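Residue numbers start at 1 and run along the sequence shown. Keep in mind that what you see is a predicted model, and the values were worked out from it rather than measured.
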Amino acid sequence: MTAHSEPATYASDESQVGRVSDEAAGQSMSEAAGRQVAEHTHCPYCALQCAMIVTPADGGPYVEPVWFPTNRGGLCRKGWTSALLLDHPERITTPLIRAGGELVPCDWDTALDRVVDGIRRAQESGGPDGVAVFGGGGLTNEKAYQLGKFTRLALGSRLIDYNGRWCMSSAAAASNRSFGVDRGLPFPVSDLTSARSVLLIGANPADTMPPFLQHLDTVANAGGLVVADPRLTATARRAIDGGGVHLRLRPGTDAALLLGLLHLVVVVGKYDPDYIAARTTGFDEAWGQAAAWLPERTERVTGVSVAQLERTVELLAAARDADAGAYVLTARGAEQHADGTDVVGAAIALALALGLPGRARAGYGTITGQGNGQGGREHGQKADQLPGYRSITDPDARAHVAGVWGVDPAEIPGAGVSAFELLDSLGSAGGPTAMLLHASNPVVSAPDADRVCERLSALDTLVVADFLLSETAALADVVLPVPQWAEEEGTLTNLEGRVIRRRRSVTPPEGARDELWIWHELARRLDRGPERFPVDPREVFDELARASTGGKADYSAITWDRLDAGEAVHWPCGADSPDGTPRLFTERFATEDGRARFCVGPVRPPAEMPDAEFPLLGTTGRVLSHYQSGAQTRRIAELDAAEPVAWVQVHPVVAAGAGLADGDTARVVSRRGAVQAQVRFDEDMRTDTVFLPFHFAGAGRANIMTLPELDPVSRMPEFKVCAVRIEAL
């Protein structure tokens, strides 16, 4: 791996929304196809989409950082080591089929014949919905679009959802309710760089996306960073070190905390009545919920002191009044709850009461997680959506997309079910008996993971497309080897709604086949109109743009030529906004009347509370060295060496009560199962809480213990709170 002290430049000024240099723009697909050249592209991991150059070399490809508005020339350790997977010895380079209980190599014809046979058996007994499809937030825009289209037209099934349901769905639901549209950050991430007050709720970017933290240096150094998190994370410590605030709330009390802050904003006169009157509706109803959350009650429920609540309100209001930059940001810690939509609704209500959204140098946003978490939920791989972020139940939306697809609207199936509900139905009476699974590893990442593993094992046919044998792929009847990020062409949409190009730099292994080719071939073998499923990603993008025309996420004026020329383009980008829209809501919100809505529900306790048998709160999250289910990062020696085993973070007093010493192996037990993890003492932990990262496999899968209680709106599972006990082995 080669590092350079002066990273290459991608754009001339982080605050500009414009063009990058021709030199930095890179090659077009036609120029790069079939050749191995150093290419400007983007990291395969999180939604920050840090820019980099991938250079082929005799010793294996390596990466170098590129200056880009999101990462400003930086990479985290995951980005620096990302190229090591491209020629990893565990790459799958030939299809595998199950024979005699084992996965054995075969040719592509044999593998695809097995897939088609499984599809036909499933649909003969269960109709079109006998086959289900599960996608991922790491797929390119083109693949997310084509996967939804393939499911609905080639398979005729309504049963498709994806792992982004467990990432962004609560924030998406709340943003759609309040703003009329869901875009993670409705402003460029570089806007945060000059902020003087930022409230982060359930976010730990110091570990999850380190280059993002540069954008918070100014606010942290000014003492204006407030971090709400049950743990003293690296991000919370950064806030404290700069004179900011750590709100160490009890897990599952996020909504109470936010309503308590909203209460204070109103009673101390820091709300913006002119903004509320001119740009919002529903304030009185929201105040009806917040009025009961007096500071003392909020402290009693959340564990956050009245003084800290008051300091938070003071910081946000002072930055707003000085026009110096005030923001409220949420992430998974606030959203991955059975009341996640209401939690985010309360965060948005706080921002609205302060008059932040749509204001220069201010706003609300959510920090998108997966690499294409934004684009992945816009183009049709969600159970209830069509391309352009259209509702699948909207007759006008169905007619528009059907026109692009050249079918009668009646041929497009209706809405399916959410991710966990879909997985939980597999192999059951009346449920699907075959599944095609792409870019996901639910054996590790799903809640109540053992239950999900049982359902996957109950299928007649499980087909997994992957480039490594993940824990889920190891259960499959057919494994299809596909290219990795640097071996494919396409586009992604990052956390700020910026559409970017993924460029091919490295030739994939000879036995790998692109997903677009796989779906075309399956459609051909099923006699389901293979011409509807082109294999050229540029052609797919052009169709995606047409299908999105007039939708919430309008890409219709975006072309690969514009992206390859270096334009910075944020959606919506259509006839009314041909230059793109880096900042939303400056004049009106995307609701019918142009006003944002206060959408605040009553505070609900977590779905599972501690008791005598399970006296502790278990919560999960991520660490610096690993990503998502760990299927990729656990195979990188440097990253695995940094975090080789599952662990549980616990206060020494709690561990001592269970007879455990630092470094011991413990069992963390919930009503659904037990996790084995190495004990790590932390005197800053709450004594009612234990924390486990969810990246590990086998007996260390933290999601064995989590419960699948679902948010009634977003269908987000309750990942962040469950009742547990800790005990010695």
Q. Salt bridge (charged side-chain N to carboxylate O under 4.0 Å, His left out) between Glu489 and Arg538: does it pass, once the steps are laid out?
A. CA-CA 8 Å; Glu489 292 278 347; Arg538 183 167 186 158; over 6 Å; no
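In this structure a side-chain-to-backbone donor-acceptor pair under 3.5 Å is missing from Asn71 to Leu75. Between the Arg152 side chain and the Ile412 main chain, no donor and acceptor come within less than 3.5 Å of each other.
Qualifying side chain to side chain donor-acceptor pair (under 3.5 Å) partners for Lys78, counting only residues two or more places apart in sequence or in other chains: none. The side chain to side chain donor-acceptor pair (under 3.5 Å) search around Asp466 returns none, not counting sequence neighbours. By the ring-ring contact (aromatic ring centres under 6.0 Å, His included) test, His695 pairs with His626, sequence neighbours left out. Ser445 meets the side chain to side chain donor-acceptor pair (under 3.5 Å) test with no other residue; sequence neighbours excluded. Residues forming a side chain to side chain donor-acceptor pair (under 3.5 Å) with Thr433 (at least two apart in sequence, or on another chain): none. Partners of Phe134 by ring-ring contact (aromatic ring centres under 6.0 Å, His included), not counting sequence neighbours, listed by chain and number: Trp166. In this structure, the ring-ring contact (aromatic ring centres under 6.0 Å, His included) partners of Tyr627, at least two apart in sequence or on a different chain, are Tyr45. For Arg451, the salt bridge (Lys or Arg N to Asp or Glu O under 4.0 Å) partners two or more places apart in sequence, or in a different chain, are Asp424, Asp448.
Judged by distance alone, the side chains of Gln370 and Asn163 do bring a donor and an acceptor atom under 3.5 Å apart. In summary, the side chains of Asn441 and Thr472 do present a donor paired with an acceptor at a separation below 3.5 Å, with no hydrogens or angles considered. Under 3.5 Å, the side chains of Thr140 and Arg502 contain no donor-acceptor pair of N or O atoms. Side-chain atoms of Asp561 and Thr559 form no donor-acceptor pair, as typed in the model, at a separation below 3.5 Å.
Between Leu437 atom CG and Met435 atom CE the span is 6.0 Å, to the nearest 0.5 Å.
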Let me check something: any side-chain donor-acceptor pairs from residues 375-383 under 3.5 Å, sequence neighbours excluded? List them with distances.
{"residue": "Arg377", "atom": "NE", "partner": "Asp182", "partner atom": "OD2", "Å": "2.6"}
{"residue": "Arg377", "atom": "NH1", "partner": "Gly373", "partner atom": "O", "Å": "2.7"}
{"residue": "Arg377", "atom": "NH2", "partner": "Asp182", "partner atom": "OD1", "Å": "3.0"}
{"residue": "Arg377", "atom": "NH2", "partner": "Asp182", "partner atom": "OD2", "Å": "3.4"}
{"residue": "Arg377", "atom": "NH2", "partner": "Gln374", "partner atom": "OE1", "Å": "3.0"}
{"residue": "Glu378", "atom": "OE1", "partner": "Tyr555", "partner atom": "OH", "Å": "2.5"}
{"residue": "Glu378", "atom": "OE2", "partner": "Gln374", "partner atom": "NE2", "Å": "2.8"}
{"residue": "Glu378", "atom": "OE2", "partner": "Trp571", "partner atom": "NE1", "Å": "2.8"}
{"residue": "His379", "atom": "NE2", "partner": "Asn141", "partner atom": "OD1", "Å": "3.4"}
{"residue": "Gln381", "atom": "OE1", "partner": "Gly136", "partner atom": "N", "Å": "3.2"}
{"residue": "Gln381", "atom": "NE2", "partner": "Gly136", "partner atom": "O", "Å": "3.0"}
{"residue": "Gln381", "atom": "NE2", "partner": "Gly376", "partner atom": "O", "Å": "3.1"}

Taking distance alone, no hydrogens or angles, what donor-acceptor pairs closer than 3.5 Å link side-chain atoms of residues 95-106 to residues at least two apart or in another chain?
{"residue": "Arg98", "atom": "NE", "partner": "Ala476", "partner atom": "O", "Å": "2.9"}
{"residue": "Arg98", "atom": "NH1", "partner": "Gly101", "partner atom": "O", "Å": "2.9"}
{"residue": "Arg98", "atom": "NH2", "partner": "Ala474", "partner atom": "O", "Å": "2.7"}
{"residue": "Arg98", "atom": "NH2", "partner": "Ala476", "partner atom": "O", "Å": "2.9"}

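Annotation: side chain of Val133 is not in contact with side chain of Ser157 (no heavy-atom distance under 4.5 Å). Inter-residue side-chain proximity for Ile558 and Leu563 is flagged as met; some heavy-atom pair is nearer than 4.5 Å.
For residues 436-481, the pairs satisfying ring-ring contact (aromatic ring centres under 6.0 Å, His included) are His438-Trp519, with sequence neighbours left out. The list of salt bridge (charged side-chain N to carboxylate O under 4.0 Å, His left out) pairs with a residue in residues 128-137, not counting sequence neighbours, reads Asp129-Arg158.
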